[in-house]
Q: 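The structure that follows is given in the form of structure tokens.
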Protein chains: 2
Amino acid sequence: MSKQAPKIDLPGPALERKADLPLHQQVYEHIRQAIVDGRLQPRLRLPATRMLAADWGISRNIVLLAFEQLLLEGYLVARTGSGTFVADQPARLSAPPPRRVPVKPAEPTPRSAFRQAAEAYVLPRNTEREAIRPFQTSLPSLRDFPFSIWNRLAVQVYRGLHIQHLGYGDAAGHGPLREAIARHVGVNRAVRCTPEQVVIVQGTQQALFLTASLLLEPGDAYWMEDPGYPAAHASFQAVGAVACPVPVGSQGLDLDYALTRYPRARLVYVTPSHQYPMGGAMPYPVRKRLLDWAQQRNAWILEDDYDSELRFSGRPLPSLQGLDPAGRVIYVGTFSKTLFPALRMAYLILPDAEMARLFARGKVLLDRQGPVVEQLILTKFMEEGHFGRHIRRMQQLYETRQNGLLDMLKAIPTPHGPLGSNAGMNLLVRLPESLDDRAVSAELAKEGIIAPPLSNYTLEHRQPPALLLGYAAFTKEQMQTAVTRLGEVLRRMM
Amino acid sequence: MSKQAPKIDLPGPALERKADLPLHQQVYEHIRQAIVDGRLQPRLRLPATRMLAADWGISRNIVLLAFEQLLLEGYLVARTGSGTFVADQPARLSAPPPRRVPVKPAEPTPRSAFRQAAEAYVLPRNTEREAIRPFQTSLPSLRDFPFSIWNRLAVQVYRGLHIQHLGYGDAAGHGPLREAIARHVGVNRAVRCTPEQVVIVQGTQQALFLTASLLLEPGDAYWMEDPGYPAAHASFQAVGAVACPVPVGSQGLDLDYALTRYPRARLVYVTPSHQYPMGGAMPYPVRKRLLDWAQQRNAWILEDDYDSELRFSGRPLPSLQGLDPAGRVIYVGTFSKTLFPALRMAYLILPDAEMARLFARGKVLLDRQGPVVEQLILTKFMEEGHFGRHIRRMQQLYETRQNGLLDMLKAIPTPHGPLGSNAGMNLLVRLPESLDDRAVSAELAKEGIIAPPLSNYTLEHRQPPALLLGYAAFTKEQMQTAVTRLGEVLRRMM
């Protein structure tokens, strides 16, 4: 051992070569446990991986993989030029327990960032196999979708199909649909754009992944709202970028924290008009400062405007994009919330036509282009005014449903009462401090109630226990039954 | 008030500090109303915000916020150095004007491998905007697609839609469609699989990109057929892998060359049953050796079986996948050639169900899941036997068309006669050695004839000049006219 390497008081792990867990996972677990137990103290510098590998008689690659995971999860921190240290604060107390990676086919090389992200990501519920039940989040009221209209338009589209539409089209999407979207976001979201700036994608997820792939390098830093949208985090992780978790208050992302702590970020992920999942909105002066900073630093702002059209009352907050004088904002909108998720239709608004062409090129690598027939149907649906009418109906319906749920929740024991808001499809209900929200959520699942714990949305900024409840898709009766059970479970667990 | 500030005839707003609307919204509304009423005339210059604030006895910040909103919405316009004016036209009558500021892509860091690949990739023709003309390659005969049947099934599907299908489904694809595909490839391509090994993707491109993302690390080597399919090469480049170009002979990829030159590849891209674009097929002993090598080296073989169903005569060559004892082959099939490209439907067959789950997880990162309605229609189309019947009809039609084109091509000056084959949608015609195939292709384009040069498909192994001609989508008459012009152009250029 070199004289520079610190001596750590940690015997090598007892490795089982035939165990279910791969060796690097065993090493990872060994070190993690030592940190959690306090045997490895905060700020302690670890020996070089080469030394540890020699000491423990294992390949350096295995130690590297374990370190990588520990760095990723915040147990360790690396400082360039001075080594790897045990993190200052016990990492991930609020975050999910480390995932046991299922054993995978023997891979002689380390797994790609993409693969790691794919394996780490917690899959959303599959509503094709599992019943839609309260309080599934972010799901529109599918029963209220105007299928008779949609189907009539579909029949028209099929009857009038030109063979031109069946070959290979523009990767940016069907022209008239891009026009309809540009008009829609101009009027409704104060987004300033021409149809040439619009790129149609297959869902918000594709928008996020495409943006990450084109604008981030491995090692680039991104601000991630914490709590925030796990799928966004996963998309940036998939390209090897490094998360900078930024706490969220009632006014969205804490800009001062981010500017002080992570001034060098390349990309900012924000839900400024209705923070997901906390529900706050970023006030104008903060928006302005964020835009100024992005302009100065040439950073990108990815504005995920996932549900702003579903605002119940008051003037909708105009988009960040419309305030951006410098072309640093990439705006994402989706039809999954306003129409239905299985349609797989969302859009990016890029700062100019040239960037939109770059994004269309990127989409060519991902899937060549989107399917065409449903773009044609959606175009008619928008052009004939059905889209606007449907949104207005859903605003009223969801407001009624939110109010109903808020009333019902008065009967259950929560510390502050639920956090309603004037938009969207979900609300947050705080739990008594003594409860673990994951445990409550698991208990509710046994009773057939879906209520994701707030902890599932956090990275490193611990939140008081809370549950996220979706109300858009459920009748009063469905919700009443579920709230009664929720109250019973809470009383039992307190 | 400064002498430069215009006097405007607008009393201050009556502000209510306890109102529902924030103060700046009240000021905004006050000014907006005055513009709408005509009290503030178009082109009128407004006093500086500082002046207005002083005049009205409110904080300048409030006026600034109100102005910002009015500017955003187009009621006011700002001209640098000369102030803020009431807009010329009543705002918001039409969609917002396009953004002015041109965006410079000032990128301080190097561009990601993905971005470089996106920028380098030569986009395919857009048949939605450009007419479908001879000899566009790899395009099925869209006129012969049985739309009356497809549309009837579409109407049935729409009528019978369950709301379960409209939410979030299985990222691996609709269960019954995976079953239909497993049956189809089992019977027709000697692929051995269960439905659990099938992952439905949006086109071959998504299959290639997903495989590259999950199984390759930056720096990993892959064998690339040369000449070969540019979109495959682009997909591997996009994840930072390193191409090992392997020459192609009449029996496909030159295995000896590859084994000698690049023994350490992680992945092999092959079109073993009908090499694209040269047309050869890999004989059984070579297949066996390739599989053995992959097993020894833990390398992956990506078998792109893009058009084998369109074999005209003789027993179809069984897939590599069906010969693979070790689970090293990832099989890709597509409906773009047998049905139509805009459907965006293809599938991966993974070595086992666990790998299929990993690929489904990867697909979640790319776009969450595919659209559902067209999967339902396709399932019916396959289950009711229409798919098999359509393929058989197209085999006959394309054989007739290939024979027709081969006959016509006898009239043009080529060194060896064209290279026909017993499958597919394209053939290769050699040009006199003195000609540059790119120059010929460019000259033909001026005459409205599409004929990509073989050079577009090569990496480092130079080929004699040749053109790739697609015949599947064209009538005898269309092709005759085009062949006559092709002969004229060649004689002129020789």
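Convention: sequence-line order gives letters A, B, ...; per-chain numbering from 1.
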Q: Which value, rounded to the nearest 0.5 Å, describes the distance between Asp220(B) atom CG and Ser112(A) atom OG?
A: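 With rounding to 0.5 Å, CG (Asp220(B)) is 9.0 Å from OG (Ser112(A)).
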
Q: Pick whichever of Ile132(B), Ile163(B), Val155(B), Leu166(B) has the most heavy-atom pairs under 4.5 Å with chain A.
A: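 Looking at each option in turn, the highest pair count goes to Leu166(B).
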
Q: Looking at Val364(A), Val373(A), Thr204(A), Leu161(A), which one has more heavy-atom pairs under 4.5 Å with chain B than the rest?
A: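 The option with the most such pairs is Val364(A).
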
Q: Rounded to the nearest 0.5 Å, how far does CG of Asp352(A) lie from SG of Cys193(A)?
A: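 Cys193(A) SG to Asp352(A) CG: 12.0 Å, rounded to 0.5 Å.
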
Q: What's the separation between atom CD in Glu354(A) and atom CD in Glu196(A), rounded to the nearest 0.5 Å?
A: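 Rounded to the nearest 0.5 Å, the CD-CD separation comes out at 13.5 Å.
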
Q: Check whether any side-chain N or O of Arg111(A) sits under 3.5 Å from a backbone N or O of Gln116(A) as a donor-acceptor pair, and report yes or no.
A: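 Pair absent, no side-chain N/O of Arg111(A) close to backbone of Gln116(A).
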
Q: Can you tell me which of Gly203(B), Ala234(B), Gly362(B) forms the most heavy-atom pairs within a distance under 4.5 Å of chain A?
A: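 Option with the greatest count: Gly362(B).
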
Q: Quick one: which of Leu139(B), Leu358(B), Leu339(B), Leu210(B) has the most heavy-atom pairs under 4.5 Å with chain A, could you say?
A: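 Looking at each of Leu139(B), Leu358(B), Leu339(B), Leu210(B) in turn, Leu358(B) comes out on top.
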
Q: Given heavy-atom pairs under 4.5 angstrom as the criterion, report whether the side chain, backbone, both or neither of Ala231(B) touches chain A.
A: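 Neither the backbone nor the side chain of Ala231(B) comes within 4.5 Å of chain A.
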
Q: Quick one: what part of Ser336(B) sits under 4.5 Å from any heavy atom of chain A, side chain, backbone, both or neither?
A: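 Ser336(B) touches chain A through side-chain heavy atoms alone.
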
Q: Heavy-atom distance under 4.5 Å to chain A: side chain of Phe147(B), backbone, both or neither?
A: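 The answer is the side chain of Phe147(B).
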
Q: Tell me the side chain to side chain donor-acceptor pair (under 3.5 Å) pairs involving residues 363-375 of chain B, sequence neighbours left out?
A: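 Every side chain to side chain donor-acceptor pair (under 3.5 Å) pair that includes a residue of residues 363-375 of chain B, provided the two are not neighbours, is Gln202(B)-Lys363(B), Gln206(B)-Lys363(B), Gln206(B)-Asp367(B), Lys363(B)-Asp367(B).
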
Q: Below 4.5 Å from any heavy atom of chain B, which atoms of Ile377(A) appear? Answer side chain, backbone, both or neither.
A: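 Side chain only.
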
Q: Go through the atoms of Arg344(A) and report whether side chain, backbone, both or neither lie under 4.5 Å from a heavy atom of chain B.
A: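 For Arg344(A), the contact with chain B is made by the side chain alone.
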
Q: When heavy-atom pairs shorter than 4.5 Å are enumerated against chain B, which of Gly175(A), Gly169(A), Ser213(A) gives the highest number?
A: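 Option with the greatest count: Ser213(A).
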
Q: With chain B as the partner, which of Phe359(A), Phe145(A), Phe340(A) has the greatest number of non-hydrogen pairs under 4.5 Å?
A: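 The candidate making the most pairs under 4.5 Å is Phe340(A).
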
Q: Taking His165(B), Arg159(B), Gln136(B) one by one, which has the highest count of heavy-atom pairs under 4.5 Å against chain A?
A: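 Looking at each option in turn, the highest pair count goes to His165(B).
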
Q: Check whether any side-chain N or O of Gln197(A) sits under 3.5 Å from a backbone N or O of Thr194(A) as a donor-acceptor pair, and report yes or no.
A: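 The answer is yes, because a donor-acceptor pair under 3.5 Å joins these two groups.
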
Q: So for Arg357(B), is it side chain, backbone, both, or neither that comes closer than 4.5 Å to the heavy atoms of chain A?
A: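 Interface part for Arg357(B): neither.
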
Q: Roughly how far, to the nearest 0.5 Å, is the CD1 atom of Ile330(A) from the OG1 atom of Thr211(A)?
A: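 Going from the OG1 atom of Thr211(A) to the CD1 atom of Ile330(A) covers 5.5 Å.
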
Q: Are the side chain of Arg361(B) and the backbone of Ala118(A) linked by a donor-acceptor contact shorter than 3.5 Å?
A: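 Side chain of Arg361(B) to backbone of Ala118(A): a pair is present.
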
Q: Can you run down the side chain to side chain donor-acceptor pair (under 3.5 Å) pairs that involve residues 149-158 of chain B, sequence neighbours left out, and say none if there aren't any?
A: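 Qualifying pairs, neighbours excluded: Gln156(B)-Lys380(B).
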
